[in-house]
Protein chains: 2
Amino acid sequence: MQKTIQKRTLKTRAKLLQAAADVVQKNGYQALRVEEVVQAAGVAKGTFFAHFHDKDALMEILIGEKLDACLDQAQAAEPPKTVPQIIEALAPVHEFMMSERYVFDLLIRYSGAAAISEIGPIAYCFEKYFRIAMMWLDQAEVRQDVSTDLLAEGVQAFAIQAMSLKFCALHSATTFTDRLETYLRAWLTPAG
Amino acid sequence: MQKTIQKRTLKTRAKLLQAAADVVQKNGYQALRVEEVVQAAGVAKGTFFAHFHDKDALMEILIGEKLDACLDQAQAAEPPKTVPQIIEALAPVHEFMMSERYVFDLLIRYSGAAAISEIGPIAYCFEKYFRIAMMWLDQAEVRQDVSTDLLAEGVQAFAIQAMSLKFCALHSATTFTDRLETYLRAWLTPAG
DNA sequence: TCTATAAAATGACCGTGGTCAATTTCAGGA
DNA sequence: TCCTGAAATTGACCACGGTCATTTTATAGA
């Protein structure tokens with residue numbers, strides 16, 4: 001029972017990822033076709049599925065990478081203390097999450113790990129989002145009657161709700177930022 | 001410019017819907033194949049797409065119908081006053097929404113109307129959920145510092161968050177009901 | 001009743017994601 | 001350097017959702 005991984009494996013994988021990134025760059029995530037990726041990478045279709053379980057798995061990697069970078073960017077800034085500051089700090093993250101309907105749907109679909117042993121890149125990012133929010137809330141001017149964990153989960157829930165409504169024609173009168181601010185004020189600083 | 005609708009149109013549509021319901025009854029929503037539905041209905045595949053824009057449109061109708069019935073059931077009961085009562089009253093609704101991963105994903109995807117002119121059955125149900133929650137909260141023992149609208153939106157957001165986490169192996173330690181209760185207590189009755 | 005025309009139904013066909021038996025390539029030992 | 005078994009790659013093939021030119025059927029008017 002050997003399981004040597006040959007060098008060309010990594011090379012092929014890198015070629016596929018690069019080709020996929022190029023394709024996305026051109027037409028966005030929604031329009032990506034596996035056929036286009038393998039042609040750009042110069043490999044057969046079967047090779048693609050030897051490297052990624054399915055198209056979604058590739059998307060998870062591509063989107064997860066970008067989202068992770070956005071989270072790093074948010075984390076690098078000065079920890080926000082107030083609701084508007086929190087929203088501003090998370091702006092790049094939310095912006096990317098809402099950049100395409102397809103991206104948002106995929107993020108939601110993979111936000112939870114189906115099995116403990118296989119936390120995908122997106123589930124990892126949601127954990128990271130949660131941890132960052134918790135860290136901030138620990139030091140922010142917010143209610144103290146419930147745990148920071150709970151507050152952070154709520155921030156995530158309201159952010160998703162606000163993003164959902166952004167894609168909805170019925171509720172497009174209010175902007176995403178305004179809506180999220182209303183939510184978070186009521187959630188983080190009640191009776192104020 | 002006539003647009004007479006022939007009787008057989010309604011008949012064919014009814015046959016398709018009945019066949020689809022039967023197929024779902026047997027294997028659930030996820031496993032439904034258009035081919036299977038048209039065979040059961042005794043029509044050609046093209047006919048299916050003359051009646052429904054795509055497979056999702058049929059699913060919207062089937063799932064929307066069931067969800068609407070659940071909402072009616074919830075509405076028929078005595079208006080709940082407290083958090084546990086609210087959760088109990090909504091139990092059949094949430095149960096159906098979580099009955100299949102596929103159902104939950106589709107509900108989320110169609111929860112918002114893409115265009116004002118075309119509110120689908122599922123977007124309609126989400127509106128209905130919101131209205132019912134608002135009606136209850138108007139008379140319930142909850143915080144009064146923010147509008148009932150906002151409270152109802154929050155209930156929806158937290159319910160979705162709790163349902164999401166139910167499908168996630170990382171957070172399966174806590175049950176859906178317990179988690180939602182924690183959320184709603186903190187949201188509806190802060191500092192209590 | 002017959003005819004014209006719009007509505008409805010048909011099924012061969014296509015695009016795209018995904019599979020798998022067959023083939024090629026790699027790495028290590030004789 | 002050659003041989004051998006495992007790893008990697010290939011591309012013909014399949015499944016399934018969705019399209020559309022063609023055919024069939026219903027209905028209104030002569």
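These numbers come from the heavy atoms of this one structure, side chains and all, not from hydrogens, waters or symmetry mates. Below, read A as the first sequence line, B as the second, and so on, with proteins coming before strands; counting in each chain starts at 1.
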Checklist entry - If we only count heavy atoms from C-beta on, is the B:Thr148 to B:Val142 side-chain gap below 4.5 Å? => result no
Checklist entry - How many Å lie between NE2 on B:His51 and P on D:dG18, as a whole number? => result 16 Å
Checklist entry - CD1 of B:Ile5 versus C1' of C:dA6: gap in Å, rounded? => result 13 Å
N/O contacts under 3.5 Å, protein versus nucleotides 2-4 of chain C?
none

Next on the checklist: Quick check for you: to the nearest 0.5 Å, what is the distance between A:Cys70 atom SG and A:Leu90 atom CG?
Outcome noted: 11.0 Å
Item to check | Atom-pair distance (CG on B:Leu16; P on D:dG17), nearest Å | outcome: 14 Å
Checklist entry - Given side chains that start at C-beta, do those of A:Thr174 and A:Thr182 come closer than 4.5 Å, heavy atoms only? => result no
Checklist entry - Can you tell me how far C1' of D:dA28 sits from CD of B:Gln6, to the nearest Å? => result 12 Å
Checklist entry - So, for A:Pro190 and A:Arg143, which heavy atoms are closest and what is the spacing to 0.1 Å? => result CD-CD, 3.6 Å
Checklist entry - Using a cut-off of 4.0 Å between protein heavy atoms and nucleotide atoms, how would you tag nucleotides 13-24 of chain C 5' to 3' with B, S and -? => result ---SBBBB----
Checklist entry - Which pairs, with at least one residue in residues 55-67 of chain B and sequence neighbours excluded, count as a side chain to side chain donor-acceptor pair (under 3.5 Å)? => result B:Asp56-B:Arg109, B:Asp56-B:Tyr110
Next on the checklist: Below the 4.0 Å mark, does C:dA9 have OP1 or OP2 next to a side-chain nitrogen or oxygen of B:Thr12?
Outcome noted: yes
Checklist entry - When you check the phosphate oxygens OP1 and OP2 of C:dA27, does a side-chain N or O of A:Thr4 lie under 4.0 Å from one of them? => result no
Checklist entry - Given the side-chain rings of B:Phe126 and B:Phe130, with only the six-membered ring counted for Trp, is the space between their centroids under 6.0 Å? => result no
Checklist entry - Closest heavy-atom contact between A:Ala20 and A:Leu32? => result O-CD1, 4.0 Å
Checklist outcome for this item: Rounded to whole Å, the CD-C1' distance (A:Gln39 to D:dG11) equals 13 Å
Next on the checklist: Suppose we call two aromatic rings close when their centres sit under 6.0 Å apart. Are A:Trp187 and B:Tyr183 close by that rule?
Outcome noted: no
Checklist entry - Any idea how A:Phe176 and A:His94 line up, ring-wise: parallel (<30°), tilted (30 to 60°), or perpendicular (>60°)? => result perpendicular
Checklist entry - To the nearest Å, how far apart are A:Lys15 NZ and D:dT9 C1'? => result 10 Å
